[in-house]
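Before any comments, here is the structure.
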Amino acid sequence: VSSSLKEASKYIPAAPILLPEGPWKQIPGGVTAAEGFNAAGIFGGLRAKGEKPDLALVTCDVDAISAGAFTTNVVAAAPVIYCKKALNISKTARAVLINAGQANAATGDAGYQDVVECANTVAMLLKMKPEEVLIESTGVVGQRIKKDALLNSLPRLVNSLSSSAEGADSAAVAITTTDLVRKSVAVESQVGGKIIRVGGMAKGSGMIHPNMA
Amino acid sequence: TMLGVVTTDALVNSDVWRKMVQVAVNRSFNQITVDGDTSTNDTVIALASGLSGASRISSVNCNEAMQLQACLDAVMQGLAKSIAWDGEGATCLIEVTVIGADSEVESAKIARAVASSSLVKAAVYGRDPNWGRIACAAGYAGISFDLNKLRIMLGDILLMDGGQPLPFDRVAASNYLKKAGEIHGTVTIHISVGDGPGNGRAWGCDLSYDYVKINAEYTT
């Protein structure tokens with residue numbers, strides 16, 4: 001698993017991260033730098049072509065306090081609608097599943113059912129409640145996700161989860177579309193005299209003018 | 001589309017965390033632009049495990065909350081800038097800072113209007129220190145300000161002051177843009193619109209032929 005994550009994380013170079021100055025120290029690990037988080041990115045056969053990793057999962061060992069910001073585009077994608085409902089039902093979450101290749105946007109009721117089925121399958125594999133699994137999708141607008149390929153890849157994705165930096169970096173690759181670099185960063189700082197860590201990953205290169213709320 | 005996942009081991013109440021995340025999103029991802037198209041899928045999910053052992057943050061108005069907010073802002077800004085840096089066809093990151101408006105929101109709105117301007121973006125790609133286009137974009141942002149207080153700097157070259165265009169070294173200004181493009185670096189545009197307390201920033205990238213090429217081929 002470790003070697004495949006390492007291979008996946010090296011698929012594209014890391015973006016230069018221009019962090020503002022402040023009382024923090026940059027540390028490796030992206031989304032897995034903070035205590036309790038695991039991640040993985042694998043090739044699930046979702047992209048139109050090539051073998052770049054295209055399926056990522058981030059999990060937390062405990063019920064994590066959750067928050068979300070979502071596009072205000074009226075034609076919101078199925079995963080956006082699903083996540084807003086999930087965050088209204090539950091204040092905590094345990095997992096985020098992200099697929100690249102198809103955006104599952106403008107896909108109607110069938111697209112929404114695809115999201116529900118993916119969340120239910122991840123929840124079953126990880127022994128969580130479905131509303132604790134959040135979903136993000138990116139890729140071609142108007143196309144439904146390649147659900148069979150995605151569902152068949154989930155056991156391998158779950159088995160690849162790792163709290164290592166490679167886990168975070170492989171996930172940062174798997175969420176990209178036309179990006180030329182993977183975007184991942186983590187910092188360590190003090191809050192109330194105790195060390196805390198904040199980390200993250202992102203993707204984006206085109207169709208970029210976010211207005212999230 | 002932009003997607004983000006942010007994690008922390010800080011211990012924070014749900015309502016406080018949700019407020020902090022939206023504030024950080026407004027100071028970062030909601031201040032970037034590549035092409036002016038707001039996606040159907042833009043999402044940021046932020047999870048707090050509470051496993052750091054730090055004390056619980058139960059109000060936004062305490063020191064600990066401000067310390068965590070600063071870290072959250074920094075991580076999200078670092079990621080947001082990397083998205084603008086990697087804009088399709090981009091050769092450089094454009095950072096627009098606006099000071100002097102009546103509020104952070106107003107300054108941020110002017111900054112984003114300038115960063116979003118196709119004419120400003122194309123001028124940067126053409127290595128053209130086109131102060132007129134920058135002033136024009138600031139002017140149509142929807143925020144009123146006294147034109148006689150408009151000041152524009154490109155890098156450390158003053159192009160306008162007191163609303164008046166100034167004589168400046170065009171070759172040096174163009175070379176500043178050329179150099180940034182050669183190293184995929186950052187072009188800074190600094191704008192002052194008055195004496196108000198509001199400061200804001202936005203990030204974008206230049207507009208190249210490749211943007212059209214990439215998107216003419218990336219079809220549904």
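Values below: every heavy atom of this structure, side chains too, minus hydrogens, waters and symmetry copies. Chain letters run A, B, ... following the sequence lines, proteins first and then strands; every chain starts at 1.
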* To do: Take R18(B) and S66(A), measure what side-chain contact (heavy atoms from CB on, under 4.5 Å) needs, and give me the verdict at the end.
  => CA-CA 7 Å; R18(B) 292 190 175 189; S66(A) 59; 3.3 Å; yes
Is [X] close to chain B through its backbone or its side chain, or both, or neither, when contacts mean heavy atoms under 4.5 Å?
X	value
P16(A)	both
V62(A)	side chain
T59(A)	neither
Q190(A)	backbone
V96(A)	side chain

* To do: Let me know which of T33(B), T1(B), I32(B) forms a side-chain contact (heavy atoms from CB on, under 4.5 Å) with I208(A).
  => I32(B)
Chain A contacts, top residue of [options] (heavy-atom pairs, under 4.5 Å):
options	answer
A46(B), G78(B), A54(B)	A46(B)
G87(B), A90(B), G36(B)	G36(B)
A84(B), A70(B), S55(B)	A70(B)
V12(B), D35(B), N26(B)	D35(B)
V21(B), D86(B), L51(B)	D86(B)
G204(B), G50(B), G53(B)	G53(B)

* Run the numbers on V34(B) and H209(A) for side-chain contact (heavy atoms from CB on, under 4.5 Å), then give the verdict. => CA-CA 6 Å; V34(B) 169; H209(A) 195 84; over 6 Å; no
Note, [X] side chain near [Y] side chain (heavy atom, < 4.5 Å):
X	Y	result
I65(A)	N13(B)	no
I196(A)	L68(B)	yes
F70(A)	D42(B)	no
E136(A)	I45(B)	yes

Report the option among [options] that has the most heavy-atom pairs separated by less than 4.5 Å from atoms of chain B.
options	value
V58(A), L87(A), D63(A)	L87(A)
G200(A), S189(A), A56(A), P210(A)	P210(A)
A15(A), G192(A), A172(A)	G192(A)
V31(A), I17(A), D179(A)	V31(A)
G68(A), G199(A), G206(A)	G199(A)
T72(A), L180(A), L19(A)	L180(A)

Between [X] and [Y], which heavy-atom pair has the shortest distance, and what is it?
X	Y	answer
F37(A)	S49(B)	CE1-CB, 3.6 Å
S82(B)	K183(A)	OG-CG, 3.1 Å
T40(B)	A105(A)	OG1-CB, 3.3 Å
C71(B)	V187(A)	CB-CG2, 4.4 Å
Q77(B)	P20(A)	OE1-CG, 3.4 Å
V25(B)	A69(A)	CG2-CB, 3.9 Å

* **Residues T178(A) and E88(B): side-chain donor-acceptor under 3.5 angstrom** => yes
* Asked: Between T7(B) and R197(A), do the side chains contain an N or O donor and an N or O acceptor separated by less than 3.5 Å?
  -> no
Under 4.5 Å heavy-atom distance to chain A, tell me which part of [X] shows up: side chain, backbone, both or neither.
X	answer
V75(B)	both
V5(B)	both
L11(B)	neither

Could you grab the distance from atom [atom1] of [X] to atom [atom2] of [Y], nearest 0.5 Å is fine?
X	Y	atom1	atom2	result
D37(B)	M207(A)	CG	CE	6.0 Å
E35(A)	T8(B)	CD	OG1	11.0 Å
M2(B)	T177(A)	CE	OG1	11.5 Å
I195(A)	S52(B)	CD1	OG	9.5 Å
T138(A)	N41(B)	OG1	CG	6.0 Å
W17(B)	T92(A)	CH2	OG1	14.0 Å

* To do: Could you go through the side-chain contact (heavy atoms from CB on, under 4.5 Å) check for V6(B) and V198(A) one step at a time?
  => CA-CA 7 Å; V6(B) 175; V198(A) 180; 4.1 Å; yes
* Does a sphere of radius 6.0 Å around NZ in K52(A) hold more than 12 heavy atoms from other residues, nucleotides or ligands, not counting ones at 6.0 Å or beyond? -> yes
* Working for side-chain contact (heavy atoms from CB on, under 4.5 Å), residues R112(B) and N211(A) -> CA-CA 11 Å; R112(B) 200 180 202 200; N211(A) 275 316; 3.0 Å; yes
* Ignoring hydrogens and angles, tell me if any N or O in the side chain of K91(A) forms a donor-acceptor pair with the backbone of S14(B) under 3.5 Å. => no
